[in-house]
Each structure stands twice: as C-alpha cells, then as structure tokens.
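What you see is a predicted model; the values in this text were computed from it and never measured.
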Amino acid sequence: MTDLAAVKAALRTQAVETPSWAYGNSGTRFKVFAQAGVPRDPWEKLQDAAKVHEFTGVAPTVALHIPWDRVEDYAALAEYAGERGLKLGAINSNTFQDDDYRLGSICHPDAAVRRKALDHLLECVDIMDATGSGDLKLWFADGTNYPGQDDIRARQDRLAEGLAAVYERLGEGQRMLLEYKFFEPAFYATDVPDWGTAYAHCLKLGPKAQVVVDTGHHAPGTNIEFIVATLLREGRLGGFDFNSRFYADDDLMVGAADPFQLFRIMYEVVRGGGFAAEAGVAFMLDQCHNIEAKIPAIIRSVMNVQEATAKALLVDRAALADAQVSGDVLGANAVLMDAYNTDVRALLREVREEMGLAAEPLAAYALSGWAERVGAERVGGQQAGWGA
C-alpha cells in the first residue's frame, strides 16, 4: 500500500522552474501572435512568474535566456526576483540568432566564429556568478544540411573543444546542462542529435556536465522513459525541459496530448531516485504559448507536472516488484495503470490547502484581476518575444 502522507509530503517539496520566454509573445513559423499585457522586459517577466508561484506554490525559480533577458545589473535583477519570492534559475545561451552562425557556432569551420560563440557562453557563466544561478543550459542549432558540407568528425572535435573551455570556467556549485535535438534546423547531420551524443560529451567532461531531456526533442514513438532511466542509472540526468512536441517542436504545454507519457517519465524519475533533492534533477518548463493566455497556460502546465508526479508517487512499488519477479505480465501492467487511472485532483487540492494556497490555482488567478491589471498598465513600449 502507498503511504498517502508520504506522497503529500513529497508533493509539497516539488519545484518546477518556469522559463522567462514563456511570458513573452511567440507563435508558429508563420506568425507571432501578440497579446495584451505581455511583459516588455525581464523585470515584468518576473512579475508574471511571481503570480505563477503565488498560485501554485511550486514554481520558485525562473530561467533566463541571454541575450533576450540581458540587463545592465544582474545582481539587481536577482534581488528584484527575491523580493517577489523567486530565484533566478538556469541561464540559457543563444548561439543561433546571429548571421555569423549560419554554418554553426562552436562547431563552425571558422575559428573566429567559434571564438565568438565561446565568448558568449563564457559571458553566460559570468551572469551565473552575478545571479547565483547554478545551471548553464546549452542547446546548439549546429549541424549541416547537405552531405559533404562539412567534416562530421571535425565538428565533433570542435564541439568537444568548446565544451571543455566552458566546463573549465564553471565555478563551485555550477553545472553545464547539455541539451539534444534530433532534427531542426540541421536536416542532414545535427551535431548534438540524441542523448547518446550528449552523454558521451558529458562523460568525457566530468561530473559537472549533465544531460537535459527535452520531452519535445524526440522522434514519434521514442521511449523517453528508457532514456530517463538510463541517465539516472548513470548519474547523468541533469534535468528536464517539459513540453509537448505537437508542433514538430517543443512549444506546447507539457502533457497536452499524451499525459500517459508524462506519467511514465515521472515514474522512472521516482523509481530511480531522481525526485529526491540530492539527485539534483532540475524540473523545468521549456515552452511557448501562442494562441492561449500565457500565465494560465503556465499554471496549467505546472499542474500537469504535479498530477503526473502524484500518480507516479502512488504506484504500489512493492506490488509492482512482486508481479515483475513472478512474471505476472498483466498484473504488473495493472499496478501501473491503477496508479495512472487514479484521480489525484482532490489529493492535490488538499496539498495546496495545507500549503496555505487556493485549492484551484487557475480559478484563483482568474479572480485576482492580474490579467486585467497588466493589460491596462503595460501599454506602449516593445513587448518581449522571440529575440527580445
């Protein structure tokens, strides 16, 4: 039997990091859609993030994206976050929105371009020092579109050299989280296309290099929970970017169309010890909200992660182990399905109330009047969005 008190205690410790860019305008490859009240700078993004944390109680950190969130005084930004009950989380680099990076960044054949990309990554570590952030998140759009365009092995050598230089710069308590993506925008050979490539580079670098699993960065049918279980087993799962892949990318709410997959992933996290604080696994959202209201979508996403986690914690692991050892195929599957089919909404309402929060975060946010207030106040200026 599952100890409900222990499940509730675990849920109270959960923390989901929200991304600054999710509060800005975004869209598809065809159109960016503007909304009223969208933040115009990182300070206003933190105001919105504070509302998500206020109504969920489990979103205490905000990831920044450089240069989109560049400010003159990062220590002041961190202080501003703290005044609102937040901390600044992962620093995300950007080596894909500059003309010089047309043929890649740290994998580029031109040493001068590689140096430019490396300088940006080192700047991001400087920002980590100023903000107190512990994680540098790296995703590279590097790759080639045509056979023969560049030397595939040489690009891996350049990648390893650049990563090593950044790794050497990391300070005490800082990590490098390497993300992978199996396609786009490189359609012939992507330089970090899968978890194996990311893992190989991290393994060579050392313990401060960890792999990020973005749930939207896999081919259809990929068994993501197997990847999670393997990386946890090897001590190399640094964190998640939670989202859904139904734009053929990662810009939809996590659990939007396949909540069963999210449950399976979270079960492997729980089973592998990744939910414990000492495991150091960062649970981050990486998604944009194009046609839906942004703050409610982020709140709903946090709730989706909570629900999947609650169900994963409810799995009767002793009964599951007994069924597995005895070869009871259907019985083992039934144990998992019983947990997944449990309606955990009442349980989560109890957890929130015990934390002094409103039982229904979305309803409480709607009643707060925040959307109407910022819609009236944030008039004029340039709204934040892709590239800002």
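Figure legend: Arg169 and Tyr167 shown without cation-pi pairing, the cationic atom not lying both under 6.0 angstrom from the six-membered ring centre and within 45 degrees of its axis. Because its NZ or CZ atom is not both nearer than 6.0 Å to the ring centre of Tyr23 and within 45° of the ring axis, Lys294 does not count as a cation-pi partner of that residue. Judged by the 6.0 Å and 45° rule, Lys181 forms no cation-pi pair with Phe140.
Side-chain contact, Trp370 with Gln47: no donor N or O sits under 3.5 Å from an acceptor N or O. A side-chain N or O of Trp21 and one of Asp286 form a donor-acceptor pair less than 3.5 Å apart. Using modelled atom types, one finds no donor on one side chain facing an acceptor on the other under 3.5 Å when comparing Gln149 with Thr144.
Between Val166 and Val125, some side-chain heavy-atom pair lies under the 4.5 Å cut-off. At a threshold of 4.5 Å between non-hydrogen side-chain atoms, the residues Val254 and Leu285 count as touching. Looking at heavy atoms from C-beta onward, Asp328 lies out of side-chain contact with Asp322 at the 4.5 angstrom threshold. Using a 4.5 Å heavy-atom threshold, the side chains of His65 and Lys137 count as separate.
Salt bridge status for Lys45 with Asp41: absent, with no side-chain N to carboxylate O gap under 4.0 Å. Classification of Arg373 and Glu377 as a salt-bridged pair holds, one side-chain N sitting under 4.0 Å from a carboxylate O. Ion pair Arg158/Glu161 not flagged as a salt bridge, since none of the NZ, NE, NH1 or NH2 atoms sits closer than 4.0 Å to an Asp/Glu carboxylate oxygen. A salt bridge links Asp98 to Lys116: one of the charged nitrogens lies within less than 4.0 Å of a carboxylate oxygen. Ion pairing between Glu307 and Arg345 fails under the 4.0 Å rule for side-chain N and carboxylate O. Using a 4.0 Å cut-off between charged nitrogen and carboxylate oxygen, Lys8 and Asp3 do not count as a salt-bridge pair.
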- Should Arg352 and Gln306 be marked as a side-chain contact (heavy atoms from CB on, under 4.5 Å) after you check the CA-CA gap, both sets of side-chain angles, and the distance that decides it? CA-CA 11 Å; Arg352 294 186 190 107; Gln306 286 182 299; 3.1 Å; yes
- List the steps, then state whether side-chain contact (heavy atoms from CB on, under 4.5 Å) holds for Gln287 with Leu252. CA-CA 6 Å; Gln287 51 194 45; Leu252 295 182; over 6 Å; no
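For Trp43 and Tyr80, the gap between ring centers is short of 6.0 Å. Proximity of the aromatic rings of Trp139 and Tyr180 is defined here by a centroid distance below 6.0 angstrom, and this criterion is not met.
Taking each heavy atom of Thr197 and Gln156 in turn, the nearest pair found is CG2-OE1, 3.9 Å.
Aromatic ring pairs are classed by plane angle as parallel below 30°, tilted from 30° to 60° and perpendicular above 60°; the pair Tyr199 and Trp195 is tilted. Ring geometry, Phe263 versus Phe260: the interplanar angle falls under 30°, so the pair is classed parallel (tilted spans 30 to 60°). Using a 30° and 60° split on the angle between ring planes, Phe240 and Phe242 fall in the parallel class, below 30°.
Listed by first and then second residue, the salt bridge (charged side-chain N to carboxylate O under 4.0 Å, His left out) pairs involving residues 216-235 are Glu225-Arg264 (not counting sequence neighbours).
Using a distance-only test at 3.5 Å, with no hydrogens or angles considered, a donor-acceptor pair links the side chain of Asp142 to the main chain of Ser105.
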